[in-house]
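Report on the structure given below.
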Amino acid sequence: MDAIPVIDISRFDEEIAEKVLDAAVKVGFLWIDGHGLSKENVESAFHLSRQFFTLDREEKSKYPIQNNQGFAGLNVEELDPSTPSDYKESFNFGADDLMNGAQNQPLPSVFTEQHEFLSSFTTSCHSICLDLLKFFGHALKIDVEAGGPYFLATSHQPGALSGSTLRLLHYPAVEEEVQGDNRAGAHSDYGSITLLFQQPGSSGLEVMLPEKGWVPVPALPAKDTNRAPPILVNIGDQLSYWTAGLLRSTIHRVRMPDRGRERYSMVYFCHPNDDALLVPVPSEIVRDRKGRGANAAEGEALTAGEHLRRRLAATYGWKEKEDGQKQ
């Protein structure tokens, strides 16, 4: 769609950096081409997702979501409290473990047999996010003494403890209306950058754009059938807050009025290291936005880890025990 630009990020220069920043400021979404992921890798990841979600419910339920890792069945999530819970199922992988080659969460054999591939795919996704963060750092003219273009990227170290997550999603086909046509309630994402992979011909995603309302964003085909399609990128709450609201964290949802079709998608949520303080990015552009986002914070600044914990508690209805553990 014309409102969301397609940007080739295969080269790093000021012109591309300005385009990436402009899209993040005005829309909060952009398509990226020239990202380096192969068509075969993306297709293999979707194949793996389908293998898992076609397992019977009893088998999938052996890996319930805990600490934002594992399987969430139908109606477990509630992204928008004003609408019914989400009629979709998902599986979350802790990206830190995958990038470190570790397996600290229970996984079914369909995933353990492909653990090396999942690790490689996740590492590639994170690398794309680091490239985008460098574009932002350059265009924001972050103070050189603070790290310049690398300031944001250094707070997203691969494999460091963070909320970064690889998520596989399945929206089952239904024969009649199930709690309305909303399948993922209206929400913004929690982290820094989100990469969304959709299959060719896939639809359902809608984005709330200024002066346009809800706008459908179907998957874009690849220009070359031998290459992976463009990846849809959106800005999350933490990066928006970090930049005093300059970068837009845009509300979006999934609706599926065509009830005879199912939808598969994959998402990589890139988060800052848990200990990263969400204080204003050291950029004159950001400092000028007084009274917005992190610039308006009083008292102790939130860390990225604490910010995520609060958002997840609201999404899953987690309650805290006295020792801080979820129940």
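Remember, predicted model here, so these are calculated numbers, not experimental data. No hydrogens, no waters, no symmetry mates; every other heavy atom, side chains included, goes into these values.
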Kindly work out whether a path of hydrophobic side-chain contacts (I/L/V/M/F/W/Y, heavy atoms less than 4.5 Å apart) joins [X] to [Y].
| X | Y | value |
| --- | --- | --- |
| Phe12 | Ile128 | yes |
| Phe53 | Phe117 | yes |
| Val233 | Ile251 | no |
| Met208 | Leu205 | no |
| Trp214 | Val217 | no |

>> side-chain contact (heavy atoms from CB on, under 4.5 Å) for Phe135 and Leu21? Distances and angles first, verdict last.
In response: CA-CA 8 Å; Phe135 280 121; Leu21 179 62; over 6 Å; no
Hey, what do you get for [atom1] ([X]) to [atom2] ([Y]), rounding to the nearest 0.5 Å?
| X | Y | atom1 | atom2 | answer |
| --- | --- | --- | --- | --- |
| Asp274 | Asp96 | CG | CG | 7.5 Å |
| Glu113 | Leu107 | CD | CG | 11.5 Å |
| Gln114 | Thr112 | CD | OG1 | 9.0 Å |
| Phe136 | Thr243 | CZ | OG1 | 8.5 Å |

Given 3.5 Å as the limit, does a donor-acceptor pair link the side chain of [X] with the main chain of [Y], or not?
| X | Y | answer |
| --- | --- | --- |
| Thr165 | Arg167 | no |
| Asp97 | Ala102 | no |
| Ser120 | Glu116 | no |
| His35 | Pro229 | yes |
| Gln105 | Asn92 | yes |
| Asn273 | Gln157 | yes |
| Asp224 | Asn226 | yes |
| Ser119 | His115 | no |
| Gln238 | Ala304 | yes |
| Lys60 | Phe52 | no |

Check: [X]/[Y] side-chain N/O donor and acceptor closer than 3.5 Å:
| X | Y | value |
| --- | --- | --- |
| Asp189 | His252 | yes |
| Asp237 | Ser188 | yes |
| Tyr190 | His307 | no |

> Would you find more than 12 non-hydrogen atoms of other residues, nucleotides or ligands less than 6.0 Å from Tyr150 atom OH?
Replying inline: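 No, not enclosed.
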> Are more than 12 heavy atoms from other residues, nucleotides or ligands located less than 6.0 Å from atom NZ of Lys26?
Replying inline: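 Counting other residues, nucleotides and ligands, NZ of Lys26 stays at 12 neighbours or fewer.
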> Is there a side-chain contact (heavy atoms from CB on, under 4.5 Å) between Val42 and Met266 once you walk through the steps?
Replying inline: CA-CA 9 Å; Val42 175; Met266 300 184 299; 4.3 Å; yes
Quick one: are [X] and [Y] in side-chain contact, heavy atoms under 4.5 Å?
| X | Y | value |
| --- | --- | --- |
| Phe151 | Ser283 | no |
| Thr122 | Met99 | yes |
| Val76 | Pro64 | no |
| Leu140 | Leu246 | yes |

Minimum heavy-atom separation for [X] to [Y], with atom names?
| X | Y | value |
| --- | --- | --- |
| Cys125 | Leu195 | O-CD1, 3.5 Å |
| Pro280 | Val286 | CB-CG1, 4.3 Å |
| His126 | Ser164 | CE1-OG, 4.1 Å |
| His156 | Ser192 | NE2-OG, 2.8 Å |
| Thr250 | Phe29 | CB-CE1, 3.7 Å |
| Cys129 | Ile193 | O-CD1, 3.9 Å |

> Of Lys88, Arg263, Glu262, which is the lone residue that meets side chain to side chain donor-acceptor pair (under 3.5 Å) with His170?
Replying inline: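 Option passing the side chain to side chain donor-acceptor pair (under 3.5 Å) with His170: Glu262.
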> Where do Phe46 and Phe197 land on the ring pair (Phe, Tyr, Trp, His ring centres under 6.0 Å) test, with the steps shown first?
Replying inline: CA-CA 9 Å; Phe46 270 117; Phe197 299 85; 7.3 Å; no
> Given Leu196 and Val267, is the side-chain contact (heavy atoms from CB on, under 4.5 Å) satisfied, shown in steps?
Replying inline: CA-CA 5 Å; Leu196 173 65; Val267 185; 3.7 Å; yes
Salt bridge between [X] and [Y], side-chain N to carboxylate O under 4.0 Å?
| X | Y | value |
| --- | --- | --- |
| Lys223 | Asp8 | no |
| Lys62 | Glu58 | no |
| Arg227 | Asp33 | yes |
| Glu89 | Arg183 | no |

>> Under the criterion side-chain contact (heavy atoms from CB on, under 4.5 Å), I'd like the reasoning laid out for Phe121 against Leu37: C-alpha separation, chi angles, the key distance, then a yes or no.
In response: CA-CA 8 Å; Phe121 185 79; Leu37 264 177; 4.1 Å; yes
>> Holding to side chain to side chain contact (heavy atoms under 4.5 Å, CB included), I want the full list of residues that pass it with Gln51, two or more places apart in sequence or in another chain.
In response: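 Per chain and number, Gln51 pairs via side chain to side chain contact (heavy atoms under 4.5 Å, CB included) with His47, Leu48, Val110.
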> Phe93 vs Phe111 aromatic rings, parallel, tilted or perpendicular, using cut-offs 30° and 60°?
Replying inline: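 The arrangement is perpendicular - the two ring planes meet at more than 60°.
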